[in-house]
Structure formats: C-alpha cells, structure tokens
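A, B, ... follow the sequence lines: proteins, then strands. Residue 1 opens every chain.
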Protein chains: 2
Amino acid sequence: MERKLLLLGLLQMQEMHGYQLNEMIDAHLSTSIDFKKPTIYKLLGQMRDVGWLEQREEEAGNRPPRRVYSITPAGRDAFKALLRESLAAYKPTDFIDHISLAFLDHLSPAETVPLLENRKAQIQALLHRVQSYDPHQGSMQLMVEHQIRHLEMEITWLEEVIERVVTKGIGMPGGTHHDRNE
Amino acid sequence: MERKLLLLGLLQMQEMHGYQLNEMIDAHLSTSIDFKKPTIYKLLGQMRDVGWLEQREEEAGNRPPRRVYSITPAGRDAFKALLRESLAAYKPTDFIDHISLAFLDHLSPAETVPLLENRKAQIQALLHRVQSYDPHQGSMQLMVEHQIRHLEMEITWLEEVIERVVTKGIGMPGGTHHDRNE
DNA sequence: ATGATTATAGTCACATATGACTATTTACTC
DNA sequence: GAGTAAATAGTCATATGTGACTATAATCAT
C-alpha cells in the first residue's frame, strides 16, 4: 500500500511513464526504500486496471512508445484515503536484522570489535551518502531528515555497544562464555 | 539468515522443540521481530536436513510426541559463521512505511495533526509495552534497549514533525497546496 | 556498415514469510 | 460422558518483491 501511495504521490505532481518513475525512485530514494522496476510496472498496471490511473501511448518518434500514466479523479481519492490511513498507522520496525547483537558474547571481544567497527563504517558511509544529497529539497525532505536522524542514532548506539564490549560489560550476568577454541 | 541465526542461538542455550521456540519468540520477541510458526518449523526442517540440527523424538507420555532439536557441531560452526557475517554487515532499514510523511502537504493541518497524534500514540503504546518487560534481562537485553532507543527517537521525531505542521513550516517552499475541497 | 549504448517496455521464475487451516492426544469442566 | 481447551505437530495456498532476463528502436562511436 505504501508503494502505491508513493507512485500516486509522484504522479500527482506530474504524469510520467514507468521508466521515469523508476529513474526518479532509483536516483532519489534508493538509499531509504526498496522499490524496483518489476514492482513499479506491476503496480502501475494494477492501478490502471482499477481506474486509478489512465494510460496514454505517446508515439513521439523518439524511442519505443512510452506509456504515460496520469492520475484519475478516482486515483486522487484513493491517494487521499491511503495517505490518511498510512499517516495514522504506525507499523513497527522489524529488528530481525539486528538479532546478531543478542549473541555478542559468543565471540571474543578481540574478534567482535573489528566486526562492529566494520558495521559502523557501513552506517557512516550510508549517512554520508544521504547527507550529500540533502540539498535536494522538496517533498522528500522529511524522509531524508528522518533517515539522517535514524542513522545518527544507530551510530551512537553502536558506539555504545562497542564500548561495552571493550569494557566487558556485555551478556549474561556472570560474564562472557565464548568457546575456548580461540 | 538472521532467522536461522536466532534459532541456532536459542538452541545453543538449550535444546528445544518447535512449539517451545515459537512460544519463546512470541512471548519475548514479538514486539521487535516478525517470526511466525510456519517459518520456524520450515527452518528447523531445513537445518535438520543439512545437518545443523539433530532431531530426537521424545515420547514422554505427555502429549503428541515432541520433536526436540539440538544443535550439532556443524550447527555450532554455522552459527559462528552466520554470527560473524551478520555482525559485520549493516542492512539499511527500509523507510517505505514512512513515505506518507512525504505527502503531508496534501492534507490540511487540521486534518493532519490528529492523524499524526494517533500514530504517535501507537508508538508510545509500543514503547510502554517494550519497557514493561525490560526486566527480562539476558541475551535479548541489547535488543530491547536498542528498540527502546529507536522508539524514543521516533517519538521525538514525530513530535517535531507535528510541531512543524502546526506552525506551517512544511512542504514545498511557497506553502502548502492541499486541495480546495475541504 | 557494424556494434554498443540508451531509452523504453516489460515478463517470469524464484524466494520468502504468513494466515488460515488440519491433526492428535490428554486434561479439565460441566 | 461430552465437549472444550491446551500442547504439540505441521501444511498449503497466497501474497509480495526481486533478479535476471527478453525485446525494440534509435543513436553514436569506430
């Protein structure tokens, strides 16, 4: 549903064809959201089929004929409805990708710290990338700011975790229990 | 992969059957991760098939026979490998569920604010729930702390957004452009 | 002329996770 | 004693998203 909302939102600013939408999303949103071409085309087709979008072939002698999508009145209504729904409902973030932090005490601190430093470097790299096209103001500015906040928090948090590992205050009360084979 | 890591990690503490694993995850992790019974059973089967787990039928006259899974040496190796890999690699959080914030200016502030307050209330409710079983210390403690940090940040952020909406400093430079029909 | 690249359109098999459902045995309630 | 709940095991259709691939016409480099 959020993906449809995004497409409708973009098409509300101006009509576009799929390739253009894909480019835009890829260029400006690929750091924060996953949304790939096949999905875009599929959703455009679906929304056209239910009357939220209108499709017009554009034969401008250029390249393969473009299918330009524009939003219909029904589409505008749907957009508003989706927007209200999505704004009001918070969907909890999934932390499954952070589960490894729960098992820190299965590795020696000597081994753990470089791994965590590596992870931290990746977050920092992403942060810099996001900050670099911060100047792209417009409707996506809040998204960018939010992501920056998030990444900064993640870095701070990781630094604290690293610090705790170094000072050995991690894991089960009673001390670490990583295997004896290293 | 992170789900397998979790199962291996839990089975490393003690052998268990699927129902038990499901209960544990449901009781202690359902606020932070999505991991449901069918997936648990499927992964247990897969890991048994590749020799990471050993399955033993337990006929203790109680209820339907339990399949108790215990981790094998190969499983321990796999666990370590997955753990290293997962610790070192940061997978960016997907912000698709926050895309609605990019379209705030399609609604009037009068309508937006209550929706956002509702969203905020949901985050707060979740935060309280998580904080309430914070005392559950143990290997999942870092996860809980992390999630608390995250939720606190989300609340702060949302409050700022609401404030900006109220003072009308949102959206395209040049002012809001929500439709005239309300 | 030819081969590579770009702009545009997709498609399709695959992987993943879940909701809803089915089974079985014992214990507990009325 | 009959019916419901609890403890255990799954299965399976369905939904979703993506990677890798196909297709076509025009332009550009050599």
Among [options], find the nucleotide with the atom closest to the side chain of [X].
{"X": "T39(A)", "options": "dA7(C), dG17(D), dC21(D)", "answer": "dG17(D)"}
{"X": "K36(A)", "options": "dG19(C), dG10(D), dG19(D)", "answer": "dG19(D)"}
{"X": "D34(B)", "options": "dA9(C), dT18(C), dG10(D)", "answer": "dT18(C)"}

- Item | Parallel, tilted or perpendicular: rings of W157(B) and H146(A) (30°, 60°) |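 Rings of H146(A) and W157(B): parallel, under 30°.
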- Hey, what's the ring geometry for H98(A) with Y90(B), parallel, tilted or perpendicular (30° and 60° as the breaks)?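 Judged by the thresholds at 30° and 60°, the geometry between H98(A) and Y90(B) is perpendicular.
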Check whether any side-chain N or O of [X] sits under 4.0 Å from OP1 or OP2 of [N], and answer yes or no.
{"X": "Y41(A)", "N": "dT11(C)", "value": "no"}
{"X": "R67(B)", "N": "dA9(D)", "value": "no"}
{"X": "R3(B)", "N": "dA17(C)", "value": "yes"}

Provide, to the nearest angstrom, the distance between the [atom1] atom belonging to [X] and the [atom2] atom belonging to [N].
{"X": "I40(B)", "N": "dA9(D)", "atom1": "CD1", "atom2": "P", "value": "11 Å"}
{"X": "L21(A)", "N": "dA7(C)", "atom1": "CG", "atom2": "P", "value": "16 Å"}
{"X": "H17(B)", "N": "dT8(D)", "atom1": "NE2", "atom2": "P", "value": "4 Å"}
{"X": "Y19(A)", "N": "dT6(C)", "atom1": "OH", "atom2": "C1'", "value": "6 Å"}
{"X": "L44(A)", "N": "dT16(D)", "atom1": "CG", "atom2": "P", "value": "16 Å"}
{"X": "E57(A)", "N": "dA9(C)", "atom1": "CD", "atom2": "C1'", "value": "10 Å"}
{"X": "I96(B)", "N": "dT16(D)", "atom1": "CD1", "atom2": "C1'", "value": "13 Å"}
{"X": "N22(A)", "N": "dT11(C)", "atom1": "CG", "atom2": "C1'", "value": "15 Å"}

- Query: Is there a donor and acceptor pair, one atom on the side chain of K42(A) and one on the base of dG10(C), closer than 3.5 Å?
  - Reply: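 No such pair is found, so the answer is no.
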- Message: Check whether H128(A) reaches the backbone of Q124(A) with its side chain - one donor and one acceptor, N or O, closer than 3.5 Å.
- Response: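 Looks like yes, one N/O pair under 3.5 Å.
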- Query: Base, sugar-phosphate alone, or nothing: which one does G18(B) contact when heavy atoms must sit under 4.0 Å apart?
  - Reply: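 Sugar-phosphate: the residue G18(B), judged by heavy atoms under 4.0 Å, touches backbone atoms but no base.
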- Query: Salt bridge or not for E85(B) and K80(B), using N-O below 4.0 Å?
  - Reply: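 So E85(B) does not pair with K80(B) through a salt bridge.
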- Item | Over 12 foreign heavy atoms within 6.0 Å of CD, E152(B) |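 More than 12 heavy atoms, drawn from other residues, nucleotides or ligands, come within 6.0 Å of this atom.
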